Structures are given as C-alpha cells and as structure tokens.
Amino acid sequence: MSDESVMSDQNSMPDLKVTGRTKIKRGANRASFDRKAAYALIDHSVVCHLAHLVEGHVVVTPTCHWREGDHLYWHGHRLARNVVSPGQGRGNTEVSINICALDGLVLARSAFHHSVNYRSLTLFGIPEEITNDEQKALHLERFVDKLYPGRWAQLRPMTRQELAATGVSRIPINEASLKVRSGMPVDDEADLDWPAWAGVVPRESIWGKALPDSHVTKEQERPVLGEGLF
C-alpha cells in the first residue's frame, strides 16, 4: 500500500495494536494509539534506536529509518547485526524500536515537577529482510529522498556490489504505542506564589547551511534543505 492511499483515508485508519507490551501503565493519560500521530513522528524523525538480542545480550543500535505505507524500514551493512539476513541464525528474532522527539523543557517551581515535552513511539515486531534487489533499490531510493528530497535522481547509479552489500529490513507498524507530554508545568497549588520563573522552553532543530567539499564547482547548486525545521 502506498503512502498516498494510506493518508487519503485517514479517518478509517485502525488504531495501533494494544497488547501487554504496548499498554502504558505509568502515565497512562499520556498514552496514544493514534496511527496518524505515530506516522507523523516516524516521518518527522531521522534516527531510531533498535534493541535486539545478540548472543544472549541486549544490544541497542541507532540507525536511520523511513516509512513506506504501514511498515518501518531501516538499513545497514548486510552482515551487520541490526539487519536480519538469511543463514545468520537471527530470523524470527523480535526487536523493539524507539523513536523519540524532544519538544521542550518544562520548568516548574519545584525540582520535582520539572519535566520535558516529548513524543515517544515504541514498536515491536519480527523483522523481515528485503531480499529482492529491485525492491531493495526502490526502498533505498525512498530513504535517500526522505532525507534529501530529489537527491536520488542526481546521484551516480548504485552498483550491483553496493546493492549486495546493503541490507534493508522492516517491521509492520502495528504493535506500538505512543506516549506524549505537552503543555505547561503542573505545580502544586501551594507553590504558585514561589518567586521562580515557570513555563516551557520550546526546542527547535534546523539544518545548517550546507558546506561544500573541495571538488564542488561553482555551477553546482547548494542543497536547500538547510532552511527547514526537523
């Protein structure tokens, strides 16, 4: 299913799956299973953290991600331990992936009530490796163009060796939960007259101005993505 078909019928999108792993017990009032909001956070973010078992040990690996339809994708070297590859004995190994955006600092009148505004999405699933070369190349194109719109068409075509060395995995966006904190501090009523400033310091992130390497010519235009928020 394409992104266009998914987003064109948002009102009928099913909620994320509530399970024993996704049900939020502490701060349940901040829980959300809104699929549309989850997609927005995935598409907005660049890096996720993937937790998986390697030889009996839990390993957390940061990696870049992207979304197509109702699947979350990530890439790495085909032999990397965060990419599921046939013959490595890691098939059917569940992973947990977290994506978190820090939106602001929440300053209260007591240290106890200080907090942060954030959006945090945690997903669970069994990874599936994309082994078809044509499909894998299409997914990698989507990944590159997510970070740098229109960039793929400007690049030297990927070689067979490069494609073979790159692994792409995905999990369905189904068993997941979103936790969100927004708004002002919640002070104790007895503290409201305490003479300390209270409120929110919003956090914004921007791309800086692109810096050319020594081989760029004057005729080559600088990328414009440096102007936007992320």
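This one's a predicted model, so the numbers in the text were calculated from it and none came from an experiment. Atom set for the values below is all heavy atoms of this structure, side chains included, hydrogens, waters and symmetry mates excluded.
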So how far is it from S45 OG to L121 CG, rounded to the nearest 0.5 Å?
8.5 Å

Heavy atoms, side chains only, cut-off 4.5 Å: are F124 and I97 in contact?
no

Go through the steps for L72 and R170 under the test side chain to side chain contact (heavy atoms under 4.5 Å, CB included), then give the verdict.
CA-CA 5 Å; L72 176 81; R170 71 177 188 176; over 6 Å; no

Would a 4.5 Å heavy-atom cut-off, applied to side chains only, mark H114 and V106 as touching?
no

Would you say the side-chain atoms of D70 pair up with the backbone N or O of N174, donor to acceptor, closer than 3.5 Å?
no

Is it the case that more than 12 heavy atoms not belonging to Q220 sit under 6.0 Å from its CD atom?
yes

With sequence neighbours left out, what residues match L163 under side chain to side chain contact (heavy atoms under 4.5 Å, CB included)?
D133, K136, A137, L140, M158

Excluding sequence neighbours, so at least two apart, what forms salt bridge (charged side-chain N to carboxylate O under 4.0 Å, His left out) with D187?
R109

Hey, does the side chain of N132 reach the backbone of Q135 with a donor-acceptor pair shorter than 3.5 angstrom?
yes

Under the side chain to side chain contact (heavy atoms under 4.5 Å, CB included) test, residues paired with D193 that sit two or more places apart
none

Residue list, salt bridge (charged side-chain N to carboxylate O under 4.0 Å, His left out) with R156, at least two apart or on another chain:
E162

Mind checking salt bridge (charged side-chain N to carboxylate O under 4.0 Å, His left out) for R21 and listing every partner two or more places apart, or none if nothing turns up?
E94, E175

In sequence, state the C-alpha distance, the side-chain angles, and the governing distance for I171 and V95, and then conclude on side chain to side chain contact (heavy atoms under 4.5 Å, CB included).
CA-CA 9 Å; I171 60 170; V95 300; 4.1 Å; yes

Cation-pi, Y39 ring and R67 (6.0 angstrom, 45 degrees):
yes

Determine whether T217 and E219 satisfy the following criterion, side-chain hydrogen bond (donor to acceptor under 3.5 Å, both in side chains), listing intermediate values before the conclusion.
CA-CA 5 Å; T217 66; E219 293 75 22; 3.3 Å; yes

Going by the rule side chain to side chain donor-acceptor pair (under 3.5 Å), which residues pair with S120 if we only count those two or more places apart in sequence or in a different chain?
N98

Test side chain to side chain contact (heavy atoms under 4.5 Å, CB included) on H57 and V54; report intermediate values, then the result.
CA-CA 5 Å; H57 301 284; V54 178; 5.6 Å; no

Report the residues that fulfil ring-ring contact (aromatic ring centres under 6.0 Å, His included) with H65, sequence neighbours left out, ordered by chain and then residue number.
none

Side-chain heavy atoms of V60 within contact of L50, under 4.5 Å
no

Consider only side-chain heavy atoms of I, L, V, M, F, W and Y, link residues closer than 4.5 Å, and tell whether L155 and L147 are in one cluster.
yes

Spell out, yes or no, whether Y148 and V168 are grouped together once hydrophobic residues are joined by side-chain heavy atoms under 4.5 Å, including indirect joins.
yes

Quick one: name the residues clustered hydrophobically with Y118, using the 4.5 Å side-chain heavy-atom rule over I, L, V, M, F, W, Y, and just say none if it's on its own.
L102, L105, L107, V116, W197, V201

Backbone N or O of P14 within a donor-acceptor pair of the R35 side chain at under 3.5 Å?
yes

Taking the side chain as C-beta and beyond, is there a heavy-atom pair between S115 and R181 under 4.5 Å?
yes

Compare all side-chain heavy atoms of H49 with those of P62 and state whether any distance is below 4.5 angstrom.
yes

Report the residues that fulfil side chain to side chain contact (heavy atoms under 4.5 Å, CB included) with D15, sequence neighbours left out, ordered by chain and then residue number.
F33

Are any non-hydrogen side-chain atoms of T22 and K17 less than 4.5 angstrom apart?
no

With sequence neighbours left out, what residues match F143 under ring-ring contact (aromatic ring centres under 6.0 Å, His included)?
W66, H75

Could you work out, with salt bridge (charged side-chain N to carboxylate O under 4.0 Å, His left out) as the rule, every residue matching R119, not counting sequence neighbours?
D103

Any chain of hydrophobic side-chain contacts (each under 4.5 Å) joining L41 to L123?
yes

Within a strict 4.5 Å, meaning less than it, do heavy atoms of the M184 and V200 side chains meet?
yes

Does one hydrophobic cluster hold both V144 and V47, with members joined at side-chain heavy-atom distances below 4.5 Å?
yes

Expected output: side-chain D188 to main-chain A190 donor-acceptor under 3.5 Å:
no

How would you list, by chain and number, every residue that makes a side chain to side chain contact (heavy atoms under 4.5 Å, CB included) with A37, sequence neighbours excluded?
D34, L178

